[in-house]
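Residues take their numbers from the sequence shown, with the count starting at 1.
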Amino acid sequence: MQFTVSPQEPFNAEPPQSALFSAYLTPADLFYKRNHGPIPIVDDIGKYSVSISGLIENPKQLFMEDIRKLPRYNVTATLQCAGNRRTAMSKTKTVKGVGWGVSAIGNAVWGGSKLSDVLELVGIPKLTSTTKFGGKYVEFVSIDRCKEENGGPYKASITLSQATNPEADVLLACEMNGEPLNRDHGYPLRVVVPGVIGARSVKWLEAINIIAEECQGFFVQKDYKMFPPSVNWDNINWSSRRPQMDFPVQCVICSVEDMTTIPPGKVKISGYAASGGGRGIERVDVSVDGGKSWMEASRFQKSGIPYTADDDDNSDKWAWVLFEVTAEIQQSTEIIAKAVDSAGNVQPEKVEDIWNLRGILNTSWHRIQLQVIDSNP
């Protein structure tokens, strides 16, 4: 395979939160960009291929034309970096990682082939949890090289049972919002694993390995794990925690930013809510008096179509839900938003309770301080 490497190393970026809320589908140029090394550039798409090997009978080299012959699917799915809202967690105590605000998240329609169909090409039936050679995990290996792997490739894994389940909608995606993937988002081919942290949706795919145990790469074994607040860099034991997969329930106010100054009157409070594992958003509660009283926000995905959690006919189960409520605000106050998913999971009230040294999964209540100034007293 021929590829070159872009000089930006690594390039990470997120959009303004107001732009994030402007549409249900996030345009590619507003979709957060998370990289661990220089951006690979595939020079010759005709020679590009993905190897599938490991604990299987029939290893195979797949070219793009082979993948395009498979049934085509579009899956609307939200991807979110595990470190989204890390900056707010650092205010409690400094954590290690990219200083994300609230916009390391985006929602897109991903187009491509289901991984379950791809794996059938090498003799792995759908709904398989173990191959006859003992394969239980599917490892994705990127063209991307990174320092954490000592110059080796970025890689991650999911269970074989998830990979071979058509209902899990795991894709080998070549399109984003109806357009070919651009370089930042994994051209020519990336994995999209809906409902789990973005770190498992490997970009610039080079190889798929069927393995007996979880991927032993850095980002599976020594990163993206959730530790309690008592763990620090002196007493950390990486093997004591499993790699993070599903993302907990989350919501963020996007229409107003912290410490914004406004005149008294009606204020529209809107933002996004999402939960992992395909769980819908049952409720979003908003307070405009620092949590003394609450009102329920309206929820929607597509204009004119009612949103109902866990309704596959009228909702995209892997996608975020937008929320909105209008409130009368006459004095400076704290606005809070919190969501409840369809399994009854709720966001924790305080970031201190979920602080962890890697600053991941900050799903605490989202709080905004509003300054109200009457220009005509």
Visitor: Can a donor-acceptor pair be found, under 3.5 Å and without considering hydrogens, that links the side chain of Asn165 to the backbone of Leu127?
Guide: no
Visitor: Which residue is it: Asp223, Val196, Ile197? I am looking for the one with a side chain to side chain contact (heavy atoms under 4.5 Å, CB included) to Gln244.
Guide: Ile197
Visitor: Within the side chain of Thr333, is there an N or O that forms a donor-acceptor pair under 3.5 Å with the backbone of Val288?
Guide: yes
Visitor: Given side chain to side chain contact (heavy atoms under 4.5 Å, CB included), test Ser287 with Lys292 step by step and report yes or no.
Guide: CA-CA 7 Å; Ser287 173; Lys292 296 174 185 175; 5.7 Å; no
Visitor: As a quick check of understanding, evaluate salt bridge (charged side-chain N to carboxylate O under 4.0 Å, His left out) for Asp310 and Lys317, giving each step before the final call.
Guide: CA-CA 7 Å; Asp310 285 348; Lys317 70 176 182 176; over 6 Å; no
Visitor: Can any side-chain N or O of Gln221 pair as donor or acceptor with the backbone N or O of Cys215 at less than 3.5 Å?
Guide: yes
Visitor: Considering only NZ, NE, NH1 and NH2 on the basic side and carboxylate oxygens on the acidic side, decide whether Lys132 and Glu57 come within less than 4.0 Å.
Guide: yes
Visitor: Nearest 0.5 Å, please: how far is CD in Glu139 from CD1 in Ile210?
Guide: 9.5 Å
Visitor: Are the side chains of Ser51 and Gln61 in touch, meaning some heavy atoms are under 4.5 Å apart?
Guide: yes
Visitor: For Glu167, does the CD atom sit with more than 12 other heavy atoms under 6.0 Å from it, leaving out its own atoms?
Guide: no
Visitor: Give the table of side-chain donor-acceptor pairs shorter than 3.5 Å for residues 297-306, with sequence neighbours excluded, one pair per line with atom names and distance.
Guide:
| from | atom 1 | to | atom 2 | distance (Å) |
| --- | --- | --- | --- | --- |
| Ser298 | OG | Glu324 | O | 3.0 |
| Arg299 | NH1 | Ile281 | O | 2.6 |
| Arg299 | NH1 | Glu282 | O | 3.3 |
| Gln301 | OE1 | Asp316 | N | 2.8 |
| Gln301 | NE2 | Asp316 | O | 3.1 |
| Gln301 | NE2 | Trp320 | O | 3.1 |
| Lys302 | NZ | Asp316 | OD1 | 3.4 |
| Lys302 | NZ | Asp316 | OD2 | 3.3 |

Visitor: When rounded to the nearest 0.5 angstrom, what is the spacing between CG in Asn314 and OG1 in Thr308?
Guide: 6.5 Å
Visitor: Between Glu214 and Arg242, does a salt bridge (charged side-chain N to carboxylate O under 4.0 Å, His left out) hold up when you go through it step by step?
Guide: CA-CA 10 Å; Glu214 288 170 336; Arg242 295 188 58 78; 3.0 Å; yes
Visitor: Would you name the heavy atoms of Lys203 and Asp184 that are closest together and state the gap between them?
Guide: NZ-O, 3.1 Å
Visitor: Hey, what do you get for CH2 (Trp204) to CD1 (Ile41), rounding to the nearest 0.5 Å?
Guide: 10.0 Å
Visitor: Give the C-alpha distance, both sets of side-chain angles, the deciding distance and a yes or no for side chain to side chain contact (heavy atoms under 4.5 Å, CB included) between Leu160 and Thr128.
Guide: CA-CA 7 Å; Leu160 184 63; Thr128 297; 3.8 Å; yes
Visitor: Evaluate whether atom CD of Glu296 has more than 12 neighbouring non-hydrogen atoms of other residues, nucleotides or ligands under 6.0 angstrom away.
Guide: yes
Visitor: Does the side chain to side chain contact (heavy atoms under 4.5 Å, CB included) test come out yes or no for Asn35 and Tyr154, once each step is laid out?
Guide: CA-CA 10 Å; Asn35 302 293; Tyr154 182 91; over 6 Å; no
Visitor: About how many Å separate CZ of Phe247 and CG of Asp341, when rounded to the nearest 0.5 Å?
Guide: 12.5 Å
Visitor: Heavy atoms, side chains only, cut-off 4.5 Å: are Asp246 and Arg279 in contact?
Guide: yes
Visitor: Are Leu357 and Ile354 connected in the hydrophobic side-chain network, where two residues link if heavy atoms are under 4.5 Å apart?
Guide: yes
Visitor: With a 3.5 Å distance limit and no angle check, can you tell me whether Arg358 reaches the backbone of Lys96 through a side-chain donor-acceptor pair?
Guide: yes
Visitor: Report yes or no: does Gln347 contribute a side-chain atom to a donor-acceptor pair with the main-chain N or O of Thr363 at less than 3.5 Å?
Guide: yes
Visitor: Can you classify the ring geometry of Trp110 versus Phe31 as parallel (below 30°), tilted (30 to 60°) or perpendicular (above 60°)?
Guide: perpendicular
Visitor: Any heavy-atom pair between the side chains of Leu172 and Ile208 that's under 4.5 Å?
Guide: yes
Visitor: Quick check: closest heavy atoms across Lys225 and Ile360, and the distance to 0.1 Å?
Guide: O-CD1, 3.3 Å
Visitor: Using a cut-off of 6.0 Å, state whether more than 12 heavy atoms not belonging to Gln216 lie near its atom CD.
Guide: yes
Visitor: Would you check if Asn209 and Val141 make a side-chain contact, meaning some heavy-atom pair closer than 4.5 Å?
Guide: yes
Visitor: Rounded at 0.5 Å granularity, tell me how far SG in Cys251 sits from NZ in Lys338.
Guide: 9.0 Å
Visitor: Donor-acceptor check, side chain of Asn107 to backbone of Thr76, threshold 3.5 angstrom: yes or no?
Guide: no
Visitor: Counting C-beta onward and ignoring hydrogens, is there a side-chain heavy-atom pair between Tyr307 and Leu322 closer than 4.5 Å?
Guide: no
Visitor: So, taking the atom named OG in Ser332 and the one named CD1 in Ile262, what distance separates them when rounded to the nearest 0.5 Å?
Guide: 8.5 Å
Visitor: Identify the two heavy atoms, one from Thr326 and one from Met295, that lie closest to each other, and give their separation to 0.1 Å.
Guide: O-SD, 4.5 Å
Visitor: Taking side chain to side chain contact (heavy atoms under 4.5 Å, CB included) as the criterion, tell me which of Met89, Arg85, Glu14 meets it with Trp100.
Guide: Glu14
Visitor: Any side-chain heavy-atom pair from Lys33 and Asn12 closer than 4.5 angstrom?
Guide: no
Visitor: Would you say Phe323 and Ile368 are hydrophobically clustered, going by side-chain heavy atoms of ILVMFWY under 4.5 Å?
Guide: yes
Visitor: Do Val192 and Phe219 belong to the same hydrophobic cluster, where Ile, Leu, Val, Met, Phe, Trp and Tyr are linked whenever their side-chain heavy atoms lie under 4.5 Å apart, directly or via other members?
Guide: yes
Visitor: Under 3.5 Å, side chain of Asp66 to main-chain N/O of Phe63, donor-acceptor pair present?
Guide: yes
Visitor: Short question: side chain of Gln331, backbone of Pro264 - any donor-acceptor pair under 3.5 Å?
Guide: no
Visitor: Does Leu70 offer a backbone N or O that forms a donor-acceptor pair with the side chain of Arg72 under 3.5 Å?
Guide: no
Visitor: What pair of heavy atoms forms the shortest contact from Gly101 to Thr87, and how long is it?
Guide: N-OG1, 4.1 Å
Visitor: Flag yes if Leu205 and Ile56 sit in one hydrophobic cluster, no otherwise; membership is Ile, Leu, Val, Met, Phe, Trp, Tyr, and two members link when side-chain heavy atoms are under 4.5 Å apart.
Guide: yes
Visitor: Can you say whether the rings of Phe227 and Trp238 are parallel (under 30°), tilted (30 to 60°) or perpendicular (over 60°)?
Guide: perpendicular
Visitor: Between side-chain atoms of residues 115-122 and protein atoms elsewhere (two or more places apart, or another chain), which donor-acceptor pairs fall under 3.5 Å?
Guide:
| from | atom 1 | to | atom 2 | distance (Å) |
| --- | --- | --- | --- | --- |
| Asp117 | OD1 | Lys126 | NZ | 2.7 |
| Glu120 | OE1 | Lys126 | NZ | 2.7 |
| Glu120 | OE2 | Lys126 | NZ | 3.4 |

Visitor: Does a side-chain heavy-atom distance below 4.5 Å link Ile158 with Met245?
Guide: yes
Visitor: Has the side chain of Ser129 got a donor or acceptor atom that lies under 3.5 Å from a matching backbone atom of Ser161?
Guide: no
Visitor: Are the side chains of Lys93 and Pro229 in contact, using a 4.5 Å heavy-atom criterion?
Guide: no
Visitor: Can you name the nearest heavy-atom pair linking Ala156 to Ala199, along with the distance?
Guide: CB-O, 3.8 Å
Visitor: Do Val249 and Val284 sit in the same hydrophobic cluster, where Ile, Leu, Val, Met, Phe, Trp and Tyr count as joined when their side-chain heavy atoms come under 4.5 Å apart?
Guide: yes
Visitor: Under the side chain to side chain contact (heavy atoms under 4.5 Å, CB included) rule, collect the residues that match up with Asn150, sequence neighbours excluded.
Guide: none
Visitor: Determine the minimum heavy-atom distance between Tyr272 and Cys254, stating which atoms define it.
Guide: CD2-SG, 3.7 Å
